[in-house]
Participant: 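Shown below is the structure under consideration.
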Amino acid sequence: MTQAPRIAVIGAGPSGLYTAEALLKEDPDVTVDVIDRLPAPYGLVRYGVAPDHLKMKSVIRALVGTFDDAARVRFLGNVRVGEDGIPGEVLREHYHGVVYASGSSVDRRLGVEGEDLAGNFGSGAFVSWYCGHPDFTGLAPALAHPGAVVVGAGNVALDVARVLARPAEDLAGTDAHDEVVDALRASAISDVHVVIRRGPQHVKFTPAELRQIGKLDDVEVLVHDDGVLAAGVEEPPERRMRQNLEMLTEWVQNPPGAGGRRRIHLHFLRSPVRVLGEDGRVTGIELVHNRIDAEKVRATDRHETLEAGLVVRAIGYVGEPIPGLPFDEETGTVPHEAGRVMLGSEPVPGCYVAGWIKRGPSGVIGTNKGDGSETAASLLADLPGLATPAYPDPDSVPERLCEYGIEPVFWEDWQRLDAEEIRRGEQRGGTDRVKIAERDAMLEAARGSVRQAG
Ligand SMILES: Cc1cc2nc3c(=O)[nH]c(=O)nc-3n(C[C@H](O)[C@H](O)[C@H](O)COP(=O)(O)OP(=O)(O)OC[C@H]3O[C@@H](n4cnc5c(N)ncnc54)[C@H](O)[C@@H]3O)c2cc1C
Ligand SMILES: NC(=O)c1ccc[n+]([C@@H]2O[C@H](COP(=O)([O-])OP(=O)(O)OC[C@H]3O[C@@H](n4cnc5c(N)ncnc54)[C@H](OP(=O)(O)O)[C@@H]3O)[C@@H](O)[C@H]2O)c1
């Protein structure tokens, strides 16, 4: 390797930005392009973290620091790598190494009948809608029925239940865009049913997240546990599980928010067997009651149905395969060793992974820091043996993108879009920003051609 090392990081979510930060810090010669298919950076911090989790969003203040050294790091937004974008192998002609930090965006399926009825969504799609992701502005979820079902017992299930149950006015003070706030204001949902396949002693919610639903204004939380807690359960091994169990035991006796206008029902030991529908739309869900036998979930012959116009499955995600790279279908991740992409027992030269596409869809934002550092360390250790790219000149990248009809959003463009969102926040009042969700409108704002409406 003779040229100064040039690295592309694909994905401007936490793992991409932590990897870029580590590369820049550990090797003063390295320059990095952070590439994202969206015109805005921050991945799931912008498009996953719930709008009412304002404190969590403030992690952006730390992530933005990655772009401080403008001479060494560049943002290239609005650039999809792969199908319908620039092929990964073409991009690799411009860099010594490429780190894929593209996340896990595909919703897992339940594999039950009726899953394709209108009104049934994966949490990836539903959360993207309420977070103003440009690919999901047209989702228009049906909120006209009093019942809604959320399947799953993770923090995402709690996020979705909370957003559906809490007063819409609370969201007006967040970055949620106007259409979402208006849709939630008009919502007829009164009962949000969270369907959890195991018992109250098994759930791994973050206790703070569980506590939060017990503190919502005008929302009652009802625990349906078929008497399991009253009969007594074994103490769970993890502290957070014990904290959850303590809270749930208290809530069985004293439901928080009793008499509230809306209800969140926590249904334990139940699994969906069928999504019910009429005229192509969801009308409810059929559940089977479970028992736990030697830590395995076993279905009983007891069934029940819940009426609902909306079903959201929050049961996890898988990654999208990256053309030209190996992929493990079972885990939905790219096989790797310490971040080096592996084809069998051989590393794929110059190719690395970080974040959810590397280790699967679990872990909080901070988990991606150590993960990104590990990948950066592997790449930097390999650098002396990596081939010099055919086109090492940084200017060659935008020219190449142009050949594919791609006009990138640079950092200064994003800053214009950012400023316009902040301006809209001031206009709405009581919030730091209002997101622009439509892709064209984002691009207009980024390129300074936005109409100053209102
Ligand atoms: C709904 C939800 C809520 C969450 N809330 C919290 C929370 O409150 N607190 C917390 O600590 N953690 C939370 N997490 C977890 C946290 O968001 C993840 O740990 C983290 O975002 C994973 O980072 P990542 O960079 O691997 O993936 P992502 O954040 O998904 O980033 C991947 C990036 O890659 C880009 N990309 C994908 N494909 C391509 C392509 N082909 N070309 C170019 N770019 C591409 C995407 O646009 C995206 O920006 C939440 C997760 C979810 C799903
Ligand atoms: N505020 C926060 O800090 C925050 C917010 C959101 C997300 N996150 C993080 O982001 C990551 C992803 O969250 P997540 O909620 O998507 O994932 P998760 O924590 O893995 O939860 C997925 C849930 O789906 C259930 N499930 C899987 N398959 C199922 C099936 N076929 N039928 C019924 N239930 C099924 C699992 O049940 P079992 O438990 O029985 O396996 C599990 O409870 C997590 O690490 C989470 O902590 C953090």
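Atoms within each ligand, like the ligands themselves, are counted from 1 in listed order.
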Participant: With atoms numbered from 1 as shown, which atoms in ligand 1 lie under 4.0 angstrom from a non-hydrogen atom of Gly11?
Facilitator: 33 (C), 34 (O), 35 (C)
Participant: Using a 4.0 Å heavy-atom cut-off, which part of Tyr317 comes near ligand 1: side chain, backbone, both, or neither?
Facilitator: side chain
Participant: Counting each atom of ligand 1 from 1 as listed, which ones have a heavy atom of Gly355 under 4.0 Å away?
Facilitator: 26 (O)
Participant: For Thr367, state whether at least one heavy atom is located under 4.0 Å from any atom of ligand 1.
Facilitator: no
Participant: Return each pair, listed once, that meets side-chain hydrogen bond (donor to acceptor under 3.5 Å, both in side chains) where at least one residue sits in residues 7-24; pairs must be two or more places apart or across chains.
Facilitator: none
Participant: Quick one: does ligand 1 sit under 4.0 Å from the side chain of Leu44, the backbone, both or neither, non-hydrogen atoms only?
Facilitator: both
Participant: For ligand 2, what N or O to protein N or O distances fall under 3.5 Å?
Facilitator:
unit_1	atom_1	unit_2	atom_2	d
ligand 2	1 (N)	Glu209	OE1	3.4
ligand 2	1 (N)	Glu209	OE2	3.2
ligand 2	15 (O)	Asn155	N	3.4
ligand 2	15 (O)	Val156	N	3.1
ligand 2	37 (O)	Arg197	NE	3.4
ligand 2	39 (O)	Arg198	NH2	3.0
ligand 2	40 (O)	Arg197	NE	2.9
ligand 2	40 (O)	Arg198	NE	2.7
ligand 2	40 (O)	Arg198	NH2	3.4
ligand 2	41 (O)	Arg197	NH2	2.9
ligand 2	43 (O)	Ala153	N	3.1
ligand 2	43 (O)	Ala153	O	3.4
ligand 2	45 (O)	Gly363	N	2.7
ligand 2	47 (O)	Asn155	ND2	3.0

Participant: Just to verify, what does Arg72 make a salt bridge (Lys or Arg N to Asp or Glu O under 4.0 Å) with, not counting sequence neighbours?
Facilitator: Asp69
Participant: Applying salt bridge (Lys or Arg N to Asp or Glu O under 4.0 Å) as the test, list every pair that has at least one member in residues 5-18; sequence neighbours left out.
Facilitator: Arg6-Asp33
Participant: Could you list which atoms of ligand 1 come closer than 4.0 Å to a heavy atom of Gly363?
Facilitator: 15 (C), 18 (C), 19 (O)
Participant: Hey, is atom 20 (C) of ligand 1 under 4.0 Å from any protein heavy atom?
Facilitator: yes
Participant: Protein heavy-atom contact under 4.0 Å for atom 41 (N) of ligand 1?
Facilitator: yes
Participant: Any idea which atoms of ligand 1 are less than 4.0 Å away from a heavy-atom of Val127?
Facilitator: 1 (C)
